[in-house]
Participant: 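I am attaching a structure below and will ask some questions about it afterwards.
Throughout, a chain's letter reflects where its sequence line sits, starting with A, and its residues are numbered from 1. Just so you know, these numbers use all the heavy atoms, side chains as well, and skip hydrogens, waters and symmetry mates.
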2 protein chains.
Amino acid sequence: MTDPAPTAPQPVLPALDSHLGYWLRFVSNQVSHAFSLKLERRGVTVAEWVLLRELFEQEAAVPSALADRLGMTRGAISKLADRLAAKGLATRTTDKDDRRFQSLALTPQGRALVPELAALADANDAEFFGHLSAGERTQVEAVMKAIVRRLGLRAVPVD
Amino acid sequence: MTDPAPTAPQPVLPALDSHLGYWLRFVSNQVSHAFSLKLERRGVTVAEWVLLRELFEQEAAVPSALADRLGMTRGAISKLADRLAAKGLATRTTDKDDRRFQSLALTPQGRALVPELAALADANDAEFFGHLSAGERTQVEAVMKAIVRRLGLRAVPVD
DNA sequence: TGGATATGATTTCCTAGTCAACTATTGTCC
DNA sequence: GGACAATAGTTGACTAGGAAATCATATCCA
């Protein structure tokens with residue numbers, strides 16, 4: 001660990017880009033950012049899109065279950081629901097039987113919007129990954145799924 | 001586009017997890033989150049780590065150049081520098097010749113800390129990707145690098 | 001019945017960014 | 001030489017989220 005060269009005072013670090021995580025984050029950030037720009041033109045954020053999509057498939061959903069599923073806090077869901085409601089895309093209704101519970105549901109506008117946003121998501125994915133060969137695609141996807149499985153990860157990635 | 005089945009009112013969306021970007025973000029988020037937990041124990045955030053690392057290699061750096069390189073605004077760098085200074089990890093000095101310019105540099109504590117954090121980064125990467133075969137690693141890395149190159153992306157991924 | 005407890009949602013405070021306005025300094029060019 | 005443009009950094013208003021306290025409702029059980 002001696003350092004005889006007077007012109008090289010600091011030890012060398014392992015290169016940042018030697019980490020696979022670095023490249024993943026790099027690409028992933030760019031993909032997300034590009035997508036957020038597309039969504040922005042429709043007045044929607046990525047988090048909002050994720051929630052809208054959940055509601056589209058569930059018809060009506062309980063906020064705390066959504067929080068679990070999306071890996072967000074209940075507080076965050078609460079505010080997100082506020083925003084969606086303000087935009088006229090979703091509504092809250094409190095459960096008749098147990099008034100602690102709410103259910104969130106899409107408005108007709110919200111329901112109409114989701115497929116359009118889904119098309120943007122498809123386009124975005126194609127933009128970044130469409131040129132990959134089928135082999136590359138499945139290989140990368142298999143590796144990612146294996147990691148998820150191995151570590152027992154859950155939760156839809158939001159941000 | 002008619003929908004004859006009364007029990008299936010909504011059209012089906014392309015599955016979210018059919019997107020490669022979905023899996024990338026999923027894994028990438030988990031990697032980042034795990035890393036942020038490790039850093040937290042040393043009282044450092046991910047953004048701070050990235051900046052510290054840059055300073056470690058550059059000896060002294062101009063804030064606005066860093067902002068460019070890290071894909072952050074000058075305002076963010078300014079506040080980040082505040083925090084690093086408050087923690088005694090970096091210092092600001094204004095350029096003698098052009099007093100608009102500053103240069104940021106690590107303090108001895110900052111310099112001492114970086115290799116420790118780098119070890120955490122190594123450990124984190126190994127935790128998620130260490131079990132991959134050399135072939136898988138290089139394959140995934142090659143695909144990511146190709147995407148970066150193809151789209152002419154720059155900027156170190158921070159968040 | 002009614003008080004402790006549990007649970008869902010909201011609210012408040014905090015952090016860490018962006019954006020845009022602002023300050024300070026330097027350079028330009030008449 | 002002096003007004004004005006350009007550039008670096010800072011600041012303030014705003015946004016989105018997390019953590020923890022709080023509010024509302026329901027359940028349990030003595």
Participant: Hey, does the side chain of A:Thr73 come within less than 4.0 Å of D:dG17's phosphate (OP1/OP2), counting only N and O?
Facilitator: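 Result: no.
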Participant: Provide, to the nearest angstrom, the distance between the CG atom belonging to A:Leu80 and the P atom belonging to C:dT11.
Facilitator: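 Rounded to whole Å, this separation is 15 Å.
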Participant: What integer distance in Å separates A:Leu104:CG from C:dA9:P?
Facilitator: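 These atoms are roughly 8 Å apart.
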Participant: With clusters defined by side-chain heavy atoms of hydrophobic residues (ILVMFWY) lying less than 4.5 Å apart, directly or transitively, does B:Leu37 cluster with B:Val44?
Facilitator: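 B:Val44 does not cluster with B:Leu37.
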Participant: Which whole-number value in Å describes the distance from A:Met72 CE to D:dA20 C1'?
Facilitator: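 So the two atoms are 17 Å apart, to the nearest Å.
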Participant: Does the side chain of A:Arg74 get closer than 4.0 angstrom to OP1 or OP2 of D:dC23 through an N or O atom?
Facilitator: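 For D:dC23, OP1/OP2 do not have a side-chain N/O of A:Arg74 under 4.0 Å.
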Participant: Quick one: on DNA chain D, does A:Glu48 or B:Ser103 contact a more 5' nucleotide (nearest heavy atom)?
Facilitator: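 The 5'-side residue here is B:Ser103.
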Participant: Look at the side chain of A:Ser64 and decide which nucleotide, out of D:dG9, C:dT10, C:dG8, has an atom nearest to it.
Facilitator: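 When the side chain of A:Ser64 is considered, C:dG8 is the closest of D:dG9, C:dT10, C:dG8.
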Participant: If a protein heavy atom is under 4.0 Å from the base, mark B; if only from the sugar-phosphate, S; if neither, -; do that for nucleotides 24-29 of chain C going 5' to 3'.
Facilitator: -BS---
Participant: Between B:Lys87 and B:Gly43, is there a donor-acceptor pair closer than 3.5 Å when you use the side chain of the first and the backbone of the second?
Facilitator: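 Yes: the side chain of B:Lys87 pairs with the backbone of B:Gly43.
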Participant: Between A:Phe129 and B:Ile147, does the side-chain contact (heavy atoms from CB on, under 4.5 Å) criterion hold? Intermediate values first, please.
Facilitator: CA-CA 8 Å; A:Phe129 307 111; B:Ile147 291 170; 3.6 Å; yes
Participant: Please determine, for the side chain of A:Ala76, which listed nucleotide (D:dG9, C:dA9, D:dG18) has the closest atom?
Facilitator: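 So the nucleotide nearest the side chain must be D:dG18.
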Participant: When only distance counts, do a donor and an acceptor, one from the side chain of B:Lys79 and one from the base of C:dT18, lie under 3.5 Å apart?
Facilitator: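 It does, because a donor-acceptor pair links the side chain of B:Lys79 to the base of C:dT18 below 3.5 Å.
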Participant: Provide, to the nearest angstrom, the distance between the CD atom belonging to A:Gln102 and the P atom belonging to D:dA24.
Facilitator: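 Those two atoms, CD and P, are 14 Å apart.
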Participant: Should B:Ser78 be listed as having a side-chain N or O under 4.0 Å from OP1 or OP2 of D:dT11?
Facilitator: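 No.
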Participant: Can you measure A:Leu51 atom CG to C:dA9 atom P for me and round it to whole angstrom units?
Facilitator: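 Atom CG in A:Leu51 sits about 13 Å away from atom P in C:dA9.
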Participant: From CZ of B:Phe101 over to P of D:dA6, roughly how many Å is that when rounded to an integer?
Facilitator: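 My rounded result for the distance is 16 Å.
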Participant: Find the distance A:Leu66:CG to D:dG17:P and express it as a whole number of Å.
Facilitator: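 Distance, rounded to whole Å: 14 Å.
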Participant: Between A:Gly75 and B:Ala81, just flag the one whose closest nucleotide in DNA chain D comes earlier from the 5' side.
Facilitator: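 Taking each residue's closest nucleotide, the earlier one in sequence belongs to B:Ala81.
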Participant: Does A:Ser28 use its side chain to pair, donor to acceptor, with the backbone of A:Arg25 at less than 3.5 Å?
Facilitator: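 Judged by distance alone, no pair lies under 3.5 Å.
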Participant: What is the distance, rounded to the nearest whole Å, between atom CD1 of B:Ile77 and atom C1' of C:dT18?
Facilitator: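 In whole Å, C:dT18 C1' lies 13 Å from B:Ile77 CD1.
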Participant: What is the distance from atom CZ of B:Arg53 to atom CD of B:Gln58, rounded to the nearest 0.5 Å?
Facilitator: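 Interatomic distance, B:Arg53 CZ to B:Gln58 CD, rounded to 0.5 Å: 11.0 Å.
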Participant: Fit a plane to each ring of B:Phe26 and B:Trp23, take the angle between them on a 0 to 90° scale, and name the class: parallel (under 30°), tilted (30 to 60°) or perpendicular (over 60°).
Facilitator: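 Rings of B:Phe26 and B:Trp23: parallel, under 30°.
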Participant: When Ile, Leu, Val, Met, Phe, Trp and Tyr are grouped by side-chain heavy atoms lying under 4.5 Å apart, directly or through other members, which residues fall in the same group as A:Val62?
Facilitator: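 Hydrophobic cluster check, A:Val62: joined to A:Phe101.
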